[in-house]
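Step one of this worksheet: look at the structure below.
In the text below, chain A, chain B and the rest are named by the order of the sequence lines, each starting its count at 1. Side chains are part of it too, since the values below use all heavy atoms of this structure and drop only hydrogens, waters and symmetry mates.
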Number of protein chains: 2
Amino acid sequence: MEKVSSSIRITGQPLSESIFIELRSAILRGKLRPGEKLSEQQVCDKFGLSRTPVREAFRQLELEGLIETIPNRGAFVVGLSKRDIEDLYEMRKAYEILAVKWAIERITKEEMEKLEEAYEFMEFYTMKKEADKMLNINMQFHNLIYKASHNRMLEHTLSTYQFYLKETESNSAYLDGYLEEVLKEHKQIYDAFVEKDTEKGMAAAAMHLDNAKARAK
Amino acid sequence: MEKVSSSIRITGQPLSESIFIELRSAILRGKLRPGEKLSEQQVCDKFGLSRTPVREAFRQLELEGLIETIPNRGAFVVGLSKRDIEDLYEMRKAYEILAVKWAIERITKEEMEKLEEAYEFMEFYTMKKEADKMLNINMQFHNLIYKASHNRMLEHTLSTYQFYLKETESNSAYLDGYLEEVLKEHKQIYDAFVEKDTEKGMAAAAMHLDNAKARAK
DNA sequence: GATTGTATTCTTGTATACAATTATATCTCT
DNA sequence: AGAGATATAATTGTATACAAGAATACAATC
């Protein structure tokens, strides 16, 4: 493992959090290979800090299943296979459908206003053909739905999946040729919120995620 | 928080793991109330050990969303609302359907033999009307399916949900009057494995979990 | 040459010590 | 008495120290 010159200290945020995010990203991006041993001391040396926060990060990675620790032997990178990622799209789809359903039932007025605003930005960026901004607002749109589902676990899990898929996607600018198609799919979801039609929303979400999976190829 | 007389040390297992499981259980069972402050020192005193393993357990609880930590202020119990638990049944159902689908597609010969054995135990215990043993083999049956899905994340999540629901269920002996009904539902799932019929399996799983939710009331 | 037993080294698991931030209590002033 | 400021105490965040287990190296034996 190569050293990094700069510290990862961010004021206010515990170091264990930073290390967790950093290592998770490295594993998902394949910089840390499955099977590879992850030594606490090496990680400490790399980031220039003590073992305490590193160990806390390890325990979190273990809980997410990205590393496997054998007592008194150490931690080993697990990582995601091609099929794991394929599966992840399916798992996300199943939850996203639930999120849309609950969000339509439970969304507050304020949340609805934010969702409307997000959708309007999507229209705007589609018109301007700004794919990278579209990618961002796309994520926000979905995150607003997660929040509006008013279920912390679902929200957390879907945010995690979003992160996983973002990190593992080979080409993050894959939206380029599909802006209008993507907009249309989101319009169907958004319309379902306006009409408070859960069935329509769930169907639209399912369709959208099937297409998203196909586009990511 | 009251002290416990006995130590929770189990040879081979890190203490952080034991504390994690212990605290998680306490939160799910409502012994630790939502909003309550969870002091590191208090937990240390209670279990008679140092802060290092306690902190590691806290980080894991945080990741599962059962506590919320505010930097430099401490950890606060979050817990699950009635609706959270209701939702959990839906979330479990969505994943269980996926697990059955993938398991039917991916199950190995050895795994199939174990599943068959588990199902036969279910028949046996139903005949003998042993509800508590049935509860156990029931969990095993489902865990075998999780394993056979050959997706670690799905397996881990479903195991967690199983634990959550088991801990929060008001009456763990709720199977009592429903042994034959439950057996029938599992037979349908098991038959789908024998016939390698994913559609049938998914439908049977959906039905089973709807009924399980209704029975838990 | 292969294998087993032992000593050494290395790594992890836990406890303690220190630093930094936050909460609380006390005191002052109006 | 109440509001604000300061000092003290308590709690968290991080680093270091120690203990226990595992891996490695090496010697002795077959």
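- Taking 4.0 angstrom as the limit, B/Ser50 places a side-chain polar atom (N or O) nearer than this to OP1 or OP2 of C/dA15.
- Nearest heavy atoms, A/Gly35 versus A/Phe76: O-CD2, 3.7 Å.
- Here C/dT12 presents its C1' atom at 11 Å from CZ of A/Phe58, a figure rounded to the nearest Å.
- Between B/His142 and B/His208, the angle of the ring planes stays under 30°, which puts this pair in the parallel group of the 30/60° scheme.
- Judged purely by distance below 3.5 Å, without hydrogens or angles, the side chains of B/Gln140 and B/Asn136 never pair a donor atom with an acceptor atom.
- Following rounding to the nearest Å, B/Ile67 (CD1) and D/dT12 (P) show an atom-to-atom distance of 11 Å.
- Between A/Tyr95 and B/Tyr95, a ring centre-to-centre spacing shorter than 6.0 Å is recorded.
- Rounded to an integer number of Å, the gap from A/Leu15 CG to C/dA19 C1' is 13 Å.
- Between B/Gln13 atom CD and C/dT14 atom C1' there is a gap of 15 Å when expressed in whole angstrom units.
- A salt bridge does not link B/Glu86 with B/Arg83: none of the charged nitrogens is closer than 4.0 Å to a carboxylate oxygen.
- Across the protein-nucleic acid pair, B/Arg55 atom CZ and C/dG13 atom P stand 17 Å apart, rounded to whole Å.
- One interatomic measurement links the two molecules: CD of B/Glu56 to P of D/dT12, which rounds to 16 Å at whole-angstrom precision.
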What N/O pairs connect the protein and nucleotides 17-22 of chain D at under 3.5 Å? Give each pair on its own line.
none

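- The CD1 atom of A/Ile70 sits 15 Å away from the C1' atom of C/dG13 (whole-angstrom rounding).
- Atom CG in A/Asp45 sits about 13 Å away from atom C1' in C/dT11, given to the nearest Å.
- Remark: B/Lys37 is in phosphate contact with D/dT12, judged by side-chain N or O atoms under 4.0 Å from OP1 or OP2.
- The side chain of A/Glu40 approaches C/dG13 more closely than any other nucleotide in the set D/dT14, C/dA15, C/dG13.
- Proximity of a side-chain donor or acceptor of A/Glu167 to a complementary backbone N or O of A/Tyr164 within less than 3.5 Å is not detected.
- B/Thr198 and B/Lys101 make their closest contact through CG2-O, 3.8 Å (heavy atoms, listed as atom of the first residue, atom of the second, distance).
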